[in-house]
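Only one structure is covered here, and it is reproduced in the block below.
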Amino acid sequence: MKNFSYCTPTRLLFGKGVVEKLPEVMRPLGKRILMTYGGGSIKRSGLYDQVKTLLKEFEVYELPGIEPNPKYTQSVVPGVKMCKEHHIDVILAVGGGSVLDCSKAIAAGACYDGEPWDLISYQVKAQAALPIVDIMTLAATGSEYDAGGVISRTETNDKVGYIDPLLYPVCSLLDPELTFSIPPKHTRAGIADAMNHVMEQFFAEPNTILNDGMCIAALKSLMFNAPKVMADPNDYTARAEIFYTCTLACNGIFCNGNGRSGWPMHGIEHALSAYYDITHGEGLAIITPRWMRHILNEKTVGRFVTYGTGLFGIDANLPAMEIAEQAIQKTYDFFKGLGIPMTLREVGIDEKRLGEMAHHIAVNEGLDEAWAPLTEQDILEILQASL
Ligand code: NZQ
Ligand code: ZN
């Protein structure tokens with residue numbers, strides 16, 4: 001077991017009606033709030049009006065229109081400018097992972113005199129960040145319980161994971177009823193994203209029985225509840241369990257003491273959404289089984305055996321390679337059964353830029369140091385197999 005350091009300072013308020021606690025959460029953090037949100041879902045659901053009413057005693061400034069795969073120039077830069085102009089004390093992110101991720105970058109940029117990209121690209125280490133509170137409305141990224149945000153810079157085809165302990169939210173308010181209105185496309189994609197977060201931590205060595213158990217339980221929780229919410233979007237119990245599992249799945253608690261995996265599927269997917277602005281969870285679902293097939297060999301097969309027998313109950317007496325093949329097929333079938341498009345062509349990506357993307361990934365994502373190392377050629381073959 002490896003040494004590790006772990007500290008999550010975020011308070012979780014989870015359950016029906018927790019949004020009502022917002023004033024009490026915000027009061028110790030200051031009077032001047034920047035409220036950030038996306039393209040309108042919170043207005044349609046009534047959450048916007050509820051939040052505005054709850055925040056009557058505060059001075060609230062608004063940054064609307066944060067886009068999926070949040071953009072540096074269009075959203076981070078204006079947000080930082082607003083924080084500085086209005087001497088903002090605290091950021092309140094209301095929406096999905098994109099809104100919160102963007103708010104994290106704004107929080108750091110607001111406390112820095114230079115160009116915020118210096119921080120996001122790790123040229124400069126942030127010394128401070130504004131406090132962040134969120135009302136998360138989409139079960140997927142786990143941004144509500146982690147120290148990261150992912151920012152896209154369209155001009156350079158970059159999509160960068162920006163991680164710093166300063167970016168943990170102070171408090172995340174998580175009401176599963178707010179997730180009832182997530183459309184089927186994003187419900188599916190969110191589940192695939194969280195499943196992939198678990199897999200990125202599971203497929204590494206060394207590992208522990210404890211971590212393996214938590215990972216398999218998290219995957220079972222998501223896979224058991226997924227068809228339930230697809231059939232009935234207002235199934236509170238299923239939405240709630242999915243939401244909490246997503247919250248835990250990107251926090252790192254499932255891999256304390258494990259070896260580093262290098263998060264290869266995310267490394268590949270980030271280029272897909274940087275170049276083509278696709279939905280993150282769909283890109284991951286497409287890549288996952290192809291990555292699995294590509295890295296399956298005598299050295300890696302043991303992990304697939306633990307995965308296949310633990311998650312799918314595949315007969316442990318079968319030859320290891322057969323267990324692995326069945327497990328990969330079942331992973332593919334699950335995503336397909338949920339209704340996720342399972343080829344790159346279906347999400348608008350053809351062969352034209354695969355080589356360019358493979359090169360970009362190989363140069364920027366460090367996947368040659370992953371648990372199952374990938375060269376540029378490997379990455380290209382995974383992309384080709386995903387077409
Ligand atoms: O913009 P609005 O109108 O709010 O609509 C959003 C958006 O169109 C909608 N939505 C959100 N909650 C809703 C809802 N619609 C109806 N009812 C609700 N309750 O859903 C759409 C997608 O939202 P988005 O925030 O983009 O989705 P998600 O939460 O999946 O976030 C994706 C982003 O997070 C990054 C991804 O790369 C991507 O940029 N990630 C962040 C991570 C992190 N911080 O740790 C880890 C992940 O691996 C991931 O990379
Ligand atoms: Zn993800």
Side-chain angles (χ1 to χ4, degrees), residues 10-22 25-26 33-55 60 62-70 75 79 90-104 106 132-146 148-150 169-194 197 222 225-226 229-230 232-251 279-282:
T10 304
R11 176 181 174 202
L12 298 180
L13 288 175
F14 188 96
K16 277 184 200 179
V18 289
V19 173
E20 292 296 326
K21 295 190 187 297
L22 187 61
V25 168
M26 301 305 279
I33 299 174
L34 179 68
M35 176 179 168
T36 55
Y37 54 97
S41 71
I42 68 161
K43 292 203 168 162
R44 289 191 293 278
S45 70
L47 179 59
Y48 173 86
D49 289 337
Q50 185 189 5
V51 168
K52 288 298 292 255
T53 306
L54 286 166
L55 294 182
V60 182
E62 295 183 26
L63 178 68
I66 296 174
E67 51 291 277
N69 299 322
S75 293
V90 48
I91 301 181
L92 173 65
V94 188
S98 293
V99 172
L100 179 51
D101 283 8
C102 183
S103 304
K104 289 178 175 179
I106 294 171
I132 303 159
V133 171
D134 64 89
I135 302 173
M136 177 54 81
T137 63
L138 206 162
T141 61
S143 188
E144 65 272 24
Y145 205 44
D146 74 23
V150 187
V170 174
C171 182
S172 294
L173 295 101
L174 311 173
D175 182 343
E177 287 189 333
L178 293 176
T179 70
F180 287 178
S181 58
I182 304 170
K185 173 186 169 78
H186 289 292
T187 297
R188 298 189 265 263
I191 290 165
D193 185 22
H197 295 162
L222 293 165
N225 287 296
V229 294
M230 294 314 296
D232 175 8
N234 295 357
D235 181 334
Y236 182 86
T237 307
R239 284 282 194 194
E241 186 169 342
I242 288 174
F243 203 2
Y244 185 47
T245 306
C246 290
T247 299
L248 293 183
C250 204
N251 162 274
T279 298
H280 174 63
E282 291 182 351

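In this chain, numbering begins with 1 at the start of the sequence shown.
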Practice problem: Determine the minimum heavy-atom distance between Leu138 and Ile182, stating which atoms define it. | Solution: CA-CD1, 3.7 Å
Exercise. Dump the intermediate steps for side chain to side chain contact (heavy atoms under 4.5 Å, CB included) on Val170 and Val90, then the final yes or no.
Key: CA-CA 10 Å; Val170 174; Val90 48; over 6 Å; no
Quiz item: Can you tell if the side chain of Ile106 reaches within under 4.5 Å of the side chain of Leu63, non-hydrogen atoms only?
Solution: yes
Practice problem: Please list, chain by chain and in numerical order, all residues satisfying side-chain hydrogen bond (donor to acceptor under 3.5 Å, both in side chains) with Thr245, sequence neighbours excluded. | Solution: Ser221
Practice problem: Go through the steps to decide whether Asp193 and Thr141 satisfy the test side chain to side chain contact (heavy atoms under 4.5 Å, CB included), and finish with yes or no. | Solution: CA-CA 7 Å; Asp193 185 22; Thr141 61; 3.8 Å; yes
Exercise. Output the distance between atom CG (Leu34) and atom CD1 (Ile132), rounded to the nearest 0.5 Å.
Key: 11.0 Å
Quiz prompt | Closest non-hydrogen atom pair between Gly38 and Val99, with its separation | solution = N-CG2, 3.5 Å
Practice problem: Identify, with sequence neighbours excluded, every residue that meets salt bridge (Lys or Arg N to Asp or Glu O under 4.0 Å) alongside Lys43. | Solution: none
Practice problem: With side-chain hydrogen bond (donor to acceptor under 3.5 Å, both in side chains) as the test, would you mind laying out the steps for Ser181 and Ser45 before giving the verdict? | Solution: CA-CA 8 Å; Ser181 58; Ser45 70; 5.5 Å; no
Self-check item: side-chain hydrogen bond (donor to acceptor under 3.5 Å, both in side chains) partners of Lys16, counting only residues at least two apart
Solution: none
Quiz item: Less than 4.5 Å apart, any side-chain heavy atom of Tyr244 and any of Leu174?
Solution: no
Quiz prompt | Partner residues of Thr247 under the side-chain hydrogen bond (donor to acceptor under 3.5 Å, both in side chains) criterion, sequence neighbours left out | solution = Glu144
Self-check item: Closest non-hydrogen atom pair between Asn251 and Asp146, with its separation
Solution: CA-CB, 4.4 Å
Practice problem: Locate the shortest heavy-atom distance separating Ala139 from Ile242; write the atom from each residue and the value. | Solution: CB-CG2, 4.1 Å
Quiz item: Does the salt bridge (Lys or Arg N to Asp or Glu O under 4.0 Å) test come out yes or no for Lys104 and Asp134, once each step is laid out?
Solution: CA-CA 10 Å; Lys104 289 178 175 179; Asp134 64 89; over 6 Å; no
Exercise. Answer yes or no: is there a side-chain heavy-atom contact under 4.5 Å between Glu20 and Gln50?
Key: yes
Quiz item: Do Met136 and Ser172 have side chains that get closer than 4.5 Å, going by heavy atoms?
Solution: no
Quiz item: Is any side-chain heavy atom of Met35 less than 4.5 Å from a side-chain heavy atom of Ile42?
Solution: yes
Self-check item: Atom pair CD1 (Ile33) and CD (Glu62), whose distance is rounded to the nearest 0.5 Å
Solution: 11.0 Å
Quiz item: Do Leu13 and Cys171 have side chains that get closer than 4.5 Å, going by heavy atoms?
Solution: yes
Quiz item: Atom CD1 of Ile191 and atom SG of Cys246: how far apart are they, to the nearest 0.5 Å?
Solution: 7.0 Å
Practice problem: Quick one: closest heavy-atom pair of Ser143 and Pro169, and the distance? | Solution: O-CG, 3.9 Å
Self-check item: Sequence-distant partners of Tyr37, ring-ring contact (aromatic ring centres under 6.0 Å, His included), two or more places apart
Solution: Tyr48
Quiz prompt | Residues that Thr187 engages under side-chain hydrogen bond (donor to acceptor under 3.5 Å, both in side chains), provided they are two or more places apart | solution = Arg239
Self-check item: Distance (rounded to the nearest 0.5 Å) between Cys102 SG and Ile66 CD1
Solution: 4.0 Å
Quiz item: Does a side-chain heavy-atom distance below 4.5 Å link Met26 with Leu54?
Solution: no
Exercise. Taking all non-hydrogen atoms of both residues into account, name the closest pair between Phe14 and Ala240 and its distance.
Key: CZ-O, 3.4 Å
Practice problem: Kindly assign one of parallel, tilted or perpendicular to the pair His280 and His197, based on the angle between their ring planes and the thresholds 30° and 60°. | Solution: tilted
Exercise. With the side chain counted from C-beta on, respond yes when Thr179 and Val229 share a heavy-atom pair under 4.5 Å apart, and no when they do not.
Key: no
